[in-house]
Chemist: 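Quick one: the structure is below, questions incoming.
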Amino acid sequence: MHRKLRLRKREDFNVVYRYGRSFANSQFVVYWRKRSQRGTFRMGVSASSKLGGAVVRNRLRRMVKEIVRLNASKLLEDMDLILIVRKPALSLPYKEMEGSILHVLRKAGLLKGSNQGAKGKITTLPRGNRPNNQNGKQGK
RNA sequence: AAAGUUUGACAGACAAUCGCUGGUGGCUUCGCGCCACGAGAGGAAAGUCCGGGCUCCACAGGGCAGGAUGCUGGAUAACGUCCAGUCAGCGCGAGCUGAAGGAUCAGGGCCACAGAAAUGGACCGCCGAUGGCUGCUUAGGCAGAUCAGGCAAGGAUGGAACCGUGGUGUAAGAGACCACGAGGAGCACUGGUGACUUUGCUCCUGGUAAACCCCAUUUGGAGCAAGACCGAGGAGGACGCAGGCGCAAGCCAGCCCUAGCCCGGGGUGCGUUCGGGUUGGUCGCUUGAGCCGUAUAGCAAUGUACGGCCUAGAAAGAUGAUUGUCGCUUCAGUUCGUGGGAGGAUCGCUUCGGCUAUCCGUUAUGACCACUUGAAGUACAGAACCCGGCUUACGGCAAGCUUUCCGG
RNA sequence: UGGGGAUUAGCCAAGCGGUAAGGCAACGGACUUUGACUCCGUCAUCCAAGGUUCGAAUCCUUGAUCCCCAG
């Protein structure tokens with residue numbers, strides 16, 4: 001992915017984690033927040049050390065970035081988003097992983113043409129009052 | 001053929017499309033934009049167990065303490081690494097393993113339980129020659145008990161019992177003495193640069209130093225988030241104490257730093273407390289104890305000479321994804337085809353040599369094997385300043401050697 | 001990436017070469033009409049493997065897991 005499309009600073013990550021909204025299925029979690037300045041979307045990928053060694057985590061990050069790159073035209077602009085990889089995503093082949101990522105992004109309302117989720121409001125909802133539960137039941 | 005052992009090289013290949021990070025060149029609306037060319041993970045990149053380079057700590061200094069290493073000779077920038085040997089142990093063998101100095105030239109310490117005793121001692125036991133006691137006495141002695149005392153052979157304990165076996169000797173005994181043997185030390189001698197070794201003489205005999213310790217060698221500390229530069233930013237305040245000499249500059253003391261202590265050195269008003277700012281960029285950064293080839297010295301590790309080559313450099317962290325074709329392994333299926341083909345497939349037991357059972361085939365209407373077809377799988381693992389090792393994880397391949405069996 | 005530290009019963013833990021204290025929990029028993037309290041008993045491959053030693057939780061080597069620190 002191009003460097004402009006990546007989320008790069010530690011502060012950006014902290015802001016998205018603290019003030020952004022989150023959605024999930026059993027393979028991925030997404031946090032997003034509308035950017036304060038106009039521009040393209042920016043994305044970061046997080047793969048924790050519980051998933052495996054450096055080889056496994058690098059491969060997952062590369063696959064996620066490749067999928068988002070190929071589907072970049074479908075994504076809304078002016079967004080910062082973080083994709084977190086969960087353990088069941090380890091064994092997915094490419095096609096299923098693409099479907100799962102598109103599913104979770106559509107659920108979060110980040111795809112063009114979808115009207116679910118918050119429509120551009122910079123929201124800081126209290127934790128107990130989120131619109132979708134995120135127990136990961138839908139991914140199976 | 002099977003089992004084993006050592007060494008070596010490799011780490012799936014190719015193509016198309018779409019991407020990522022540096023480099024070079026060009027274009028440019030000068031914006032980390034566009035185009036072209038070329039480059040882009042490992043044998044362990046890992047663990048961080050050692051060693052070195054490099055940087056800072058004023059100089060990187062001295063002594064002590066502390067740490068590390070520990071057969072010999074060599075290699076190396078250095079090492080706890082490597083090579084060649086010595087000795088000891090394991091293995092039928094090829095080979096493998098060894099923190100392998102010192103316990104008589106230091107010194108003490110420890111050896112639980114058991115046992116008399118764990119290097120200073122006698123429970124049972126043996127003796128009672130000598131001195132004493134009792135009895136008898138022909139007055140020379142004789143006998144008895146074991147009071148003093150002598151001994152450590154035998155028993156029992158233990159991981160280990162004073163070097164072992166046999167004899168001489170004695171009252172009983174003992175390396176007290178002798179023969180043979182085990183181990184160690186010293187001296188001389190043979191061979192070797194040396195560890196060591198051959199032979200002889202003399203002396204000695206519990207273990208433990210990965211317990212303290214002694215001896216020899218060696219060792220300053222921290223680590224690229226080291227460090228250097230540029231830019232941005234900010235804020236200092238309160239309380240307490242401020243010794244001696246000198247006109248003064250200053251010196252001494254005090255305090256801080258120099259990883260522990262002393263010396264030496266450097267800095268400085270000191271201590272306590274409440275606060276403030278910085279999370280940007282460039283360099284360090286990949287030409288190096290570098291790689292490849294040839295020759296040469298050496299048993300080898302390795303060195304020397306000549307020629308050629310430039311081979312990753314990220315920073316929420318590049319080196320990838322998809323598709324197709326092929327390679328390798330395993331399983332299944334097919335007799336349609338091609339090739340080989342007289343014995344073979346499967347189960348069980350095994351001392352791994354074989355044995356037994358069932359089924360198919362036996363000169364072919366041909367069992368079975370290979371190719372052809374399909375499915376699944378295709379190891380361990382990702383540079384983060386750089387090198388030399390060690391250790392751990394892991395896939396198949398090749399070659400040498402050893403043992404056993406079969407055939408000629 | 002670099003530098004430190006820890007691992008003993010289900011939990012908290014003592015131990016510094018001589019055969020693993022203690023507390024909570026769990027289980028069994030006693031006491032009680034029953035329960036609580038109390039008393040007695042049971043429960044350990046000392047993270048793993050190898051070595052030194054007569055003997056290792058302890059000493060040494062190698063690995064595994066977890067935690068902490070940094071400009």
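The chains referred to below are lettered A, B, ... by the order of the sequence lines, with proteins before strands, and numbering in each begins at 1.
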Chemist: For B/A88 versus B/G108, give the span between their C1' atoms, rounded off to a whole number of Å.
Modeler: 31 Å
Chemist: Looking at C/G41, which nucleotide sits across from it as a Watson-Crick or G-U wobble partner, both distances under 3.5 angstrom, or is there none?
Modeler: C/C27
Chemist: Can you tell me the Watson-Crick or wobble partner of B/G95, both distances under 3.5 angstrom?
Modeler: B/C90
Chemist: Taking the side chain of A/Met63 as heavy atoms from C-beta outward, which of B/U322, B/G317, B/G382 is closest to it?
Modeler: B/U322
Chemist: Check the distance between B/A321's C1' and A/Ile101's CD1 and give it to me in whole angstrom.
Modeler: 13 Å
Chemist: To the nearest Å, how far apart are A/Arg6 CZ and B/C20 C1'?
Modeler: 7 Å
Chemist: Using every non-hydrogen atom in the two residues, find where A/Phe23 and A/Ala108 come nearest and quote the distance to one decimal.
Modeler: CD1-CB, 3.2 Å
Chemist: What closest approach, in Å, do A/Arg86 and A/Asn25 show between heavy atoms, and which atom pair accounts for it?
Modeler: NH1-O, 2.9 Å
Chemist: On the nucleotide B/C18, are OP1 or OP2 found under 4.0 Å from the side-chain N or O atoms that A/Lys65 carries?
Modeler: no
Chemist: Tell me the closest heavy-atom pair linking A/Arg61 and A/Ala47, and the distance in Å.
Modeler: CG-CB, 4.4 Å
Chemist: Nearest heavy-atom pair of A/Met79 and A/Lys34: which atoms, and what distance?
Modeler: SD-CA, 3.8 Å
Chemist: Looking at A/Arg62, I'd like to know whether one of its side-chain N or O atoms comes within less than 4.0 Å of OP1 or OP2 on B/U319.
Modeler: yes
Chemist: Quickly work out the A/Asn58 CG to B/G42 P distance and round it to whole Å.
Modeler: 15 Å
Chemist: What interatomic distance, in whole Å, is found between P of B/G95 and the corresponding atom of B/A84?
Modeler: 12 Å
Chemist: Could you tell me the Watson-Crick or G-U partner of B/C126, where both distances fall under 3.5 Å? Say none if there is no partner.
Modeler: B/G150
Chemist: With both distances under 3.5 Å as the test, what is the Watson-Crick or G-U wobble partner of B/C397?
Modeler: B/G8
Chemist: Look through every strand shown and name the nucleotide pairing with B/A139 as Watson-Crick or G-U wobble, where both distances are under 3.5 Å.
Modeler: none
Chemist: Write down the distance between CZ (A/Arg57) and P (B/G320), rounded to a whole number of angstrom.
Modeler: 17 Å
Chemist: With a 4.0 Å cutoff (strictly under), does any side-chain N or O of A/Arg59 reach OP1 or OP2 of B/A321?
Modeler: yes
Chemist: Just how far, in rounded Å, is P of B/U322 from CD of A/Glu98?
Modeler: 11 Å
Chemist: Nearest of B/G320, B/A318, B/A321 to any side-chain atom of A/Arg69?
Modeler: B/G320
Chemist: Please tell me which of the listed nucleotides, B/A381, B/C20, B/C18, lies nearest to the side chain of A/Glu66?
Modeler: B/C18
Chemist: Go ahead and name the base partner of B/A46; Watson-Crick or wobble counts if both distances stay under 3.5 Å, otherwise write none.
Modeler: B/U391
Chemist: What is the base-pairing partner of B/G240, counting Watson-Crick and G-U wobble geometry with both distances under 3.5 Å?
Modeler: B/C270
Chemist: Taking the side chain of A/Val55 as its heavy atoms from C-beta onward, which of B/G317, B/A318, B/A381 lies nearest to it?
Modeler: B/A381
Chemist: If only side-chain N and O atoms of A/Arg61 are considered, is one of them under 4.0 Å from the OP1 or OP2 phosphate oxygen of B/A318?
Modeler: yes
Chemist: Closest-nucleotide mapping onto RNA chain B: is A/Leu70 or A/Lys95 further toward the 5' terminus? I mean the 5' end.
Modeler: A/Leu70
Chemist: Could you tell me how far B/A94 sits from B/U104 if I compare only their C1' atoms? Round to whole Å.
Modeler: 44 Å
Chemist: Please answer whether B/A321 and A/Tyr94 are stacked, defined here as ring centres separated by less than 5.5 Å and planes angled under 30°.
Modeler: no
Chemist: Please report the distance, rounded to the nearest Å, between CG in A/Asn71 and P in B/G19.
Modeler: 14 Å
Chemist: Using whole Å, report how far CG of A/Leu5 lies from P of B/G33.
Modeler: 11 Å
Chemist: Under the side-chain contact (heavy atoms from CB on, under 4.5 Å) criterion, do A/Leu5 and A/Met43 qualify, and how do the steps go?
Modeler: CA-CA 6 Å; A/Leu5 301 182; A/Met43 188 195 73; over 6 Å; no
Chemist: Please name the nucleotide paired to B/C162 by Watson-Crick or G-U wobble geometry with both distances under 3.5 Å, or report none.
Modeler: none
Chemist: Begin with the C-alpha distance, continue with both residues' side-chain angles, and end with the deciding distance and a verdict on salt bridge (Lys or Arg N to Asp or Glu O under 4.0 Å) for A/Lys95 and A/Glu98.
Modeler: CA-CA 5 Å; A/Lys95 285 281 170 60; A/Glu98 185 176 21; over 6 Å; no
Chemist: Please determine whether salt bridge (Lys or Arg N to Asp or Glu O under 4.0 Å) holds for the pair A/Arg33 and A/Asp80, giving the CA-CA distance in whole Å, both sets of side-chain angles, and the decisive distance to 0.1 Å.
Modeler: CA-CA 5 Å; A/Arg33 182 170 188 269; A/Asp80 284 340; over 6 Å; no
